[in-house]
Amino acid sequence: MNQQELCQNYLMKTYADRSLWFTHGKGIYLYDCSQNAYLDAISGIGVNVLGHSHPEWCGVVSEQIQRLVHTSNLYLIPGQLQLARKLIEITYPGKVFFANSGTEIIEGALKLARKYSQNKYNAQRNEIISFENSFHGRTMGALSVTGRKKYREAFEPLVPGISFAKFNDIQSVADTVSDKTCAVIVEPVQGEGGIIPAQKAFLHQLKKLCDENDIILIFDEIQCGFGRPGTWYACQDYGVEPDVLLTAKGLGNGIPIGAIIAGKKVQNTFQPGDHAHTFGGNPLSTTAGLATIHIMEQYEILDHVKEVSALIRKHLDALAERYALIKEVRSKGLMIAVEIDPKISASNIVKKLYQEKILIGTCGDNSLRLLPPFIIKKNEVEYLISVLEKTLQNI
Ligand SMILES: *Cc1c(COP(=O)(O)O)cnc(C)c1O
């Protein structure tokens with residue numbers, strides 16, 4: 001059987017038809033079985049921040065695989081302790097909980113906020129405010145706070161007590177807050193919804209509103225954080241400290257891991273038995289996370305992200321001036337959307353770019369999404385932009 005037949009016969013059809021597949025990767029390139037190199041500007045949806053098979057990262061992670069992969073959380077895991085300390089050092093004082101994915105840490109954060117509120121007030125104070133157009137994941141709790149109907153509809157009824165305010169509209173949040181509100185969850189830069197950065201004033205006002213009402217402010221930085229803004233986290237770029245910061249995607253550079261970084265207010269809320277995962281923070285994933293951070297520090301990758309993202313933005317703004325089919329360019333660091341005129345399908349442009357051996361994605365209603373690996377060089381950016389321009393010219 002060929003790949004397509006195997007796919008038809010044995011895989012649940014949770015994705016539209018796919019034709020590309022890869023045998024290996026090196027740096028920012030993925031290779032197919034005919035040795036064609038594809039420039040990977042989506043990095044496994046914001047995951048492979050150091051590109052593919054980074055030699056130092058592979059060295060540390062391979063060594064760990066051969067020594068110890070998993071023990072469960074019945075025992076202390078030294079890599080977990082070190083990674084927790086490192087995450088606190090690069091963010092703010094607090095404590096860390098480890099899971100394996102984005103959606104899992106959303107679940108953990110919602111439970112954390114409810115327990116804090118129930119302990120301090122009463123069980124009726126359990127409501128959560130999220131935002132229209134947001135994306136937080138696919139499990140029931142995370143889906144319940146996801147503000148896009150197309151993901152939710154088939155699975156209702158979802159978790160009760162959740163309402164949606166308008167993003168970047170503080171009055172809408174103020175109107176939604178009640179004495180039953182225990183948490184607000186927000187992506188500082190909406191990802192799936194179209195790479196829409198929060199306005200700075202909005203996040204500051206949101207923080208103030210939450211503090212005044214003792215509401216737990218949760219930042220979902222699963223996509224927009226971990227170096228992608230050019231700072232470790234977007235909250236640092238905005239100058240707003242949330243009560244709970246969520247990080248996953250890029251953290252393990254491809255090994256599944258997610259972490260809840262709980263600030264002082266909620267750092268001791270969970271007690272033994274409240275929350276756990278079999279795999280969460282195992283020796284392999286925490287070693288991968290630690291190696292990723294060490295390499296980013298060693299090579300001053302955040303500075304590189306700042307430089308290279310400014311260059312991409314400059315080029316895309318110039319393209320937007322020349323091509324009417326570009327409606328808008330939105331970005332925060334290396335998280336970039338190019339909104340396309342609704343008359344032309346963004347997915348078709350993505351397919352045309354496959355033929356040019358460039359990998360990007362889509363987001364929002366009709367936008368191209370670029371989440372390049374942090375190691376992309378300036379000449380590679382120039383090449384990417386020139387192919388994009390050529391493709392736009394031919395439309
Ligand atoms: C990807 C993503 C999630 C879900 O993460 P998974 O690892 O796919 O479960 C949640 N929130 C945001 C902002 C994301 O981009």
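Along the sequence shown, residues carry numbers from 1. Both counts, for ligands and for their atoms, begin at 1 and track the order of listing.
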- From the options Ile45, Leu368, Leu370, Ile195, select the one residue that forms a side chain to side chain contact (heavy atoms under 4.5 Å, CB included) with Cys363. Ile195

- Task: State which residues pass ring-ring contact (aromatic ring centres under 6.0 Å, His included) with Phe155; sequence neighbours excluded, sorted by chain then number.
- Result: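 Expected list: none.
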
- Just by distance, do the side chain of Ser331 and the backbone of Ile336 share a donor-acceptor pair under 3.5 Å?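 Not a single qualifying donor-acceptor pair exists.
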
- Test item: Ser367 side-chain N/O and Gly194 main-chain N/O as donor-acceptor pair under 3.5 Å: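 Not confirmed, Ser367 side chain does not pair with Gly194 backbone.
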
- Message: A side-chain contact here means heavy atoms from C-beta on lying under 4.5 Å apart; do Thr292 and Phe226 qualify?
- Response: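 The answer is yes; the side chains approach within 4.5 Å.
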
- Polar contact flag, side-chain donor to acceptor under 3.5 angstrom, Asn253-His54: no

Contacts table for ligand 1: protein N or O within a distance under 3.5 Å of ligand N or O, distances only.
unit_1: ligand 1; atom_1: 7 (O); unit_2: Gly102; atom_2: N; d: 2.8
unit_1: ligand 1; atom_1: 9 (O); unit_2: Thr103; atom_2: N; d: 2.8
unit_1: ligand 1; atom_1: 11 (N); unit_2: Phe135; atom_2: O; d: 3.4
unit_1: ligand 1; atom_1: 11 (N); unit_2: Asp220; atom_2: OD1; d: 3.4
unit_1: ligand 1; atom_1: 11 (N); unit_2: Asp220; atom_2: OD2; d: 2.7
unit_1: ligand 1; atom_1: 15 (O); unit_2: Gln223; atom_2: NE2; d: 2.8
unit_1: ligand 1; atom_1: 15 (O); unit_2: Lys249; atom_2: NZ; d: 2.6

